[in-house]
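Structure record follows, encoded as structure tokens.
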Amino acid sequence: MSQLIIVERLHKIYHRHQPDEMTALQDISLQILAGEVVALTGPSGSGKTTLLSLLGCMSRPTSGSIQLRDSNVAKLPERFLAKIRRETFGFVFQQYNLVRDLSVLENVMLPLYPSDQSLREIKKAATAVLDQFELAGMLKKKVKQLSGGEQQRVAIARALVADPEIIIADEPTAHLDSELAQDLLQILAVLNAAGKTIVIATHDPSIYQSSLVQRRFDLRHGRIVEEHSR
Amino acid sequence: MLRQLKILEFTLSSLLRRKYKNLSLITVYAFTIATLGSVLFLTHALKMEATGSLTTAPELVVQRVAAGRHDLIPTAYTEVISKLPGVASVTPRVWGYYYDSLIKANLTLVGISSYQGDLELLEGRLPDNAEECAIGRGVAIAFGPAIGDDLVLEDSGKSRTVFKITGIFRAESNLLTNDLVVLQEAALRDFFSMDQKLATDLVVQVHNQREIKTLAKKIKYNLPDTRPITRDEILHTYDTLFNWRSGMMLAVAVAALISFCILAWDKATGISAEEKQEIGVLKAIGWETSDVLAVKFWEGTVISLTSFVLGILAAWIHVFAFGAPALVPLLKGWSVLFPEFQLTPAVDFYQVFVLGFLTIVPYLACTVIPSWKTAVTEPEYVMRG
């Protein structure tokens, strides 16, 4: 497997040079291979979500580099980062982050609006991915009318609609019961089998101890304290 | 182009999602525009009526002033003025006001030989004997008579005089003829008990338009108890009454203040936590800052344009269909004694454009700027839920 992401000497400091300055990440270096499933673990406040957002190009490091294939994304302007987020990453957020007043179909269409595809093509792609998750029967339903598990599946469908190379998932089982968590693991396994690289931030042992996760980085106080490989 | 169309489609669905909030915003916004538009339409229409009616007015009118007030002028002044170089003719006019307690309106009675201009009759003919009259449309509406009916007027001696109506003036000349009763000059002198050696004022025609001001000065010099009034001075008076420098400016300022209050309210409420979250989600899943701003721009454009069009339409209907009942007492105070009259629709498109510019642009700015602040923030906070 080839190296997909190379992180070197990454630092993230919030509110720099202000009284409430806070160091979130210190001297992080890691590599993620293409097709790999990686878990970031650690207690709350250890820096998992911050690292995940840096890997997903949703914020910039204070120092250090993030090499995504051939380009250092830490140096790219926001316009290019948006394009990378749109084309390379699919995000599954802890709170699902669906637009509550939009329908299931409209939510899944969202990542493709800025693409070159026509509305008809976008609808077709969104419908196809929703069909995979057995949500085709509730296309016009508002997401606020859905159960937690259904919302989770819509969120995953939205993450996949642009056929991204890397799935970023932040505490994906935080709001799911154990049965739904197992369903999610199965979905992730299928995606990984299809060649997707998956990076998950979690403190749920049922996830990071599962056979799906190939490597785990354990974080404490913004530093990687341990790396586990399977 | 395709991208903008898709964003516009998303914008429209976003607006529909918050339809109650947006409908209330459009209602308040359109009401403001309707108020502003009504003021503009009404003042412009009045100005057009007034200035339009003056195009056929005399170039120079000479009145006599006694104790600072307009008084009857001796017809002998005609000879003095006629001798001034540049004067083509001098014509005495006989006219006066008549208050009718029945309809509570002031009418203008004019002697037919003093009748100036080319005002057209809607139907009938001008009076050709002392027992006939032609009337304005407002008088016809107020009294209810038609051609062939009698118009009864009461002179200062309380004796009633009956005139047969022979003609009614057209609506286009409403401001000038609406309250008009045209009589034979002898009949009018008799009605007002006016001496043959006196007239209400004198109309002076000149050979050279450029000499009007000089002639006015000469008349004043030769006849110190007179007040020469040029047509330009009357036009200037109308301007002062109706244009930006007077009521209009005040009205626009007040309305602009209302607009500003709405915008300030909208801005103060800012974008909600839900909207911020939505912008964060859009950024996180790959929307560019410019895409988010485009959504907000289209949102603002749809709201402001819809409100503007509705407001202007409402203003048009309010002013030209219903006669501006909400504004007439304020802007037409001087005409409360007139019989009612219908305004001829007249719109100054430059004013409408300025109104649009002054209300749409600030609203767009207030919509886009707060969203821009959120849109340039890194989407990381969305990850934190």
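A note on names: the letters A, B, ... follow the listed sequences, proteins ahead of strands, and every chain is numbered from 1.
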Under 4.5 Å from a heavy atom of chain A, the part of B:Leu282 involved: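 Only the side chain of B:Leu282 comes within 4.5 Å of chain A.
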Within 6.0 Å of [atom1] in [X], more than 12 heavy atoms from elsewhere:
{"X": "B:Gln4", "atom1": "CD", "result": "yes"}
{"X": "A:Asp20", "atom1": "CG", "result": "yes"}
{"X": "A:His203", "atom1": "NE2", "result": "no"}
{"X": "A:Arg100", "atom1": "CZ", "result": "no"}
{"X": "A:Phe133", "atom1": "CZ", "result": "yes"}
{"X": "B:Trp316", "atom1": "CH2", "result": "yes"}

Measure [X] against the heavy atoms of chain B and call it side chain, backbone, both or neither at under 4.5 Å.
{"X": "A:Thr88", "result": "neither"}
{"X": "A:Ile122", "result": "side chain"}
{"X": "A:Arg158", "result": "side chain"}

Do the side chain of B:Trp287 and the main chain of A:Leu110 share a donor and acceptor less than 3.5 angstrom apart?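 At least one qualifying donor-acceptor pair exists.
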Report yes or no: does B:Glu278 contribute a side-chain atom to a donor-acceptor pair with the main-chain N or O of A:Val99 at less than 3.5 Å?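 Pair absent, no side-chain N/O of B:Glu278 close to backbone of A:Val99.
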With side-chain contact (heavy atoms from CB on, under 4.5 Å) as the test, would you mind laying out the steps for B:Glu380 and A:Thr49 before giving the verdict? CA-CA 9 Å; B:Glu380 184 206 355; A:Thr49 300; 5.7 Å; no
pair [X]-[Y]: side-chain heavy atoms closer than 4.5 Å:
{"X": "A:Met58", "Y": "B:Lys283", "value": "no"}
{"X": "B:Ser290", "Y": "A:Arg79", "value": "no"}
{"X": "A:Arg85", "Y": "B:Pro379", "value": "yes"}

Working to the nearest 0.5 angstrom, can you tell me the gap between B:Ile285 CD1 and A:Tyr113 OH?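 Answer rounded to 0.5 Å: 10.5 Å.
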Just verifying a value: how many Å separate B:Thr289 OG1 and A:Leu81 CG, rounded to the nearest 0.5 Å?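 Result: 10.0 Å between the selected atoms.
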Between A:Lys142, A:Arg86, A:Glu87, the one whose heavy-atom pairs under 4.5 Å with chain B are most numerous: A:Arg86
Can you give me the closest heavy-atom contact between A:Pro114 and B:Gly286, atom names plus distance?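 Looking at all heavy atoms of both residues, the closest pair is CG-O, 4.2 Å.
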Testing the basics here: between A:Leu112 and B:Lys6, what is the closest heavy-atom pair and its distance to 0.1 Å? O-NZ, 4.0 Å
